[in-house]
There are 2 protein chains.
Amino acid sequence: MKIDRTILKSLPLFERMTDADLDSMLQHASPRRIVPGDAVFEQGARAKSFFLLLHGRLKVTQVTQDGQQIIVRMVHPGDLFGFAMALRREDYPGTAVAAAESLVIAWPTDMWPRFVEQNPRLAVTAMQTIGQRLEEAHTRIREMSTEEVEKRVAHAVLRLSKQAGRPVETGIRIDFPISRQDIAEMTGTTLHTVSRILSAWEAKGMVEGGRQKLTVTDPQKLLNLADGIRD
Amino acid sequence: MKIDRTILKSLPLFERMTDADLDSMLQHASPRRIVPGDAVFEQGARAKSFFLLLHGRLKVTQVTQDGQQIIVRMVHPGDLFGFAMALRREDYPGTAVAAAESLVIAWPTDMWPRFVEQNPRLAVTAMQTIGQRLEEAHTRIREMSTEEVEKRVAHAVLRLSKQAGRPVETGIRIDFPISRQDIAEMTGTTLHTVSRILSAWEAKGMVEGGRQKLTVTDPQKLLNLADGIRD
DNA sequence: GGAAATCTTTGATGTGGCGCAAACTGGCTG
DNA sequence: CAGCCAGTTTGCGCCACATCAAAGATTTCC
């Protein structure tokens, strides 16, 4: 399979690169199609490659010693992933699993310095990306520290609808299969509690649930709840 | 006050730089002494500078809308801070307060690209630094999601003793004034709970407490507890 | 040295949400 | 179409931890 450079060029990450540089990057790229449930890489494995998600949706998970799993973050189309740590670490700190049919491009890890050299802006952009992720992580830490479960779930759902929302008749539909378990692992709670919360919201007409489905029907109410505004 | 370049050179961050480059960086540097309780910068303020901590200890905090405070991370000597976000953001996402008498160097934010250009290794190192911080943040998210309070506190104390520990006769002393409130804000709990936990530990001979003081007397027991090994 | 301010300890009480258990539902398979 | 399986819902009891309250302990300041 060949990848057209125009696809890359449409991404903010690469928009400033010359065609020649892009082509040279693509020479070392190997595309990979991932089916839902399959992993792009596994926690602890040697970091041989770094990746770009072209299409689909991934979740990056970590498991604790006692087997509990958490979702560290979602990967959306256009995101680089599996690279931040590769610079200092030898192994991947988490597992990247496809939540939907996905298409990724893989590059050998040792190509990274060369690409950066070729295009210093890439380094700056990459750094901004990590900086942003760090900030998101801190936001999440703050939420986990101070907010009760319902607010955290509200924030998570809003984030999902922003990053992966597709407008449908009744509202904004999360555009990939997502379970209560997933939401629980993103918010540090149990699927039971998430189920209860979503049921309550559904009764209030804020969301519409379903098996691996979620549609936000009243974003405003959800936002109020997330911001702690009682009604 | 003048800063000697040998101080910088002893830091991993700068060890590969030439004397000339270091001198040129130092020309734009302004040293600042901060007394405990004073802030280097405040959350929301325009990010005019980025900083290096030479000596002392800082805590980076964030406040939520409803006034609750959390400690995002500690800054230790040799750490760059207040820069990661400055690349994409205009303002500081948190407040940096001195926990002990501290000495920082400030550079104008707009110097950053120039320094990077002058010394590309700086960019790589900086990125590794942020990558590492991101990983730490994820670790903390995982802890907050899955672990109960006592284990989280154990992890926090162990981290502190590693990053800011000074050997004393009875064990490893945290080398700056730290209150139960601080530990609570690092672990997402209340000072009451932290106090209770530390009292219990003290009874078991694992730590020695005191007003703004903490000494780990039995790191092994603490480690076992943090790793979930019951005794 | 006494008073004020700050930090810490400890008790009593309440509750959010977890753990366990069981029933339910929609979708897929043979 | 029956049966199975993964995901979801819901009830109930309990416990870890927050909250409220108040009294010590240390340091600081006049």
Side-chain angles (χ1 to χ4, degrees), chain A residues 35-37 59 64 66-71 97 99-100 143-154 156-157 174 176-204 207-215 225 228 230, chain B residues 35-37 59 64 66-71 97 99-100 143-154 156-157 174 176-204 207-215 225 228 230:
Chain A
V35 300
K59 42 187 178 185
T64 61
D66 56 317
Q68 276 195 86
Q69 190 174 93
I70 67 147
I71 296 182
V97 178
E143 286 176 8
M144 303 264 322
S145 300
T146 62
E147 291 175 0
E148 50 197 28
V149 173
E150 190 175 18
K151 278 178 100 176
R152 299 208 300 265
V153 175
V157 170
I174 310 286
F176 63 92
I178 184 164
S179 68
R180 321 283 140 164
Q181 178 71 37
D182 289 332
I183 297 176
E185 286 173 11
M186 299 191 327
T187 51
T189 180
T190 61
L191 79 159
H192 308 276
T193 301
V194 171
S195 177
R196 270 179 253 270
I197 289 172
L198 291 184
S199 295
W201 288 354
E202 192 152 13
K204 289 187 198 159
V207 300
E208 270 171 16
R211 192 192 177 78
Q212 311 237 67
K213 282 199 288 274
L214 191 56
T215 307
L225 203 158
R230 299 256 148 255
Chain B
V35 299
K59 42 188 178 185
T64 61
D66 56 318
Q68 276 194 85
Q69 189 174 94
I70 67 148
I71 295 181
V97 179
E143 285 176 9
M144 303 263 324
S145 300
T146 61
E147 290 176 0
E148 49 197 27
V149 173
E150 190 175 16
K151 276 178 100 175
R152 298 209 301 267
V153 174
V157 169
I174 312 286
F176 62 92
I178 185 163
S179 68
R180 321 284 140 162
Q181 177 72 38
D182 290 331
I183 297 176
E185 287 174 10
M186 300 191 323
T187 50
T189 180
T190 62
L191 79 160
H192 307 275
T193 301
V194 171
S195 177
R196 270 180 251 270
I197 289 172
L198 290 184
S199 295
W201 287 354
E202 192 152 12
K204 288 187 199 159
V207 300
E208 270 171 17
R211 190 194 177 79
Q212 310 238 66
K213 282 199 288 274
L214 191 57
T215 306
L225 202 158
R230 299 256 147 256

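In this structure, B:Arg180 reaches the C:dT8 phosphate: one of its side-chain N or O atoms is under 4.0 Å from OP1 or OP2. Here A:Thr190 reaches the OP1 or OP2 of C:dC18: one of its side-chain N or O atoms lies under 4.0 Å away.
Here C:dC7 presents its P atom at 13 Å from CD1 of B:Ile183, a figure rounded to the nearest Å. In this structure, A:His192 places its NE2 atom 9 Å from C1' of C:dA21, rounding to the nearest Å. If you take CD of B:Glu148 and C1' of C:dG19, they are 13 Å apart, rounded to a whole angstrom. Rounded to an integer number of Å, the gap from A:Arg211 CZ to C:dC28 C1' is 9 Å. Put simply, CD on B:Glu185 is 13 Å from C1' on C:dC7, counting in whole angstrom units.
Under the 3.5 Å distance criterion, the side-chain polar atoms of A:Thr187 are matched with a main-chain donor or acceptor of A:Ile183.
Mapping A:Gly188 and A:Lys213 onto DNA chain C by nearest heavy atom places A:Gly188 at the nucleotide closer to the 5' end. Ranked by how close their nearest DNA chain C nucleotide is to the 5' end, A:Arg152 and B:Ser199 are led by B:Ser199. Residues B:Gln68 and A:Gln181 each lie close to DNA chain D; by heavy-atom proximity, the contact nearer the 5' end of the strand is made by A:Gln181.
For A:Val149, the listed nucleotide lying nearest its side chain is C:dC18; candidates were C:dC7, C:dC18, C:dC20. Among C:dT6, C:dT8, C:dG17, the nucleotide with an atom closest to any side-chain atom of B:Ser195 is C:dT8.
By the 4.5 Å heavy-atom criterion applied to side chains, A:Leu198 and A:Leu214 are counted as neighbours. Between A:Glu143 and A:Lys151 there is no side-chain heavy-atom pair separated by less than 4.5 Å. Considering only heavy atoms from C-beta on, B:Arg152 comes within 4.5 Å of B:Val149 through its side chain.
With hydrogens and angles ignored, a donor-acceptor pair closer than 3.5 Å exists between the side chain of B:Arg196 and the base of C:dG11.
Heavy atoms only, all atoms of each residue included: B:Ser145 and A:Ile70 are closest at CB-CG2, 3.9 Å. Smallest separation of non-hydrogen atoms from A:Pro177 and A:Ala99: CD-O, 3.5 Å.
Residue contacts for A:Leu198: at a heavy-atom cut-off of 4.0 Å it reaches no nucleic acid atom on any strand shown.
A distance of 9.0 Å separates CE in A:Met144 from OG1 in A:Thr189, rounded to the nearest 0.5 Å.
On the nucleic acid side, DNA chain D has its first and last nucleotide under 4.0 Å of a heavy atom of chain B at D:dC17 to D:dT27, going 5' to 3'.
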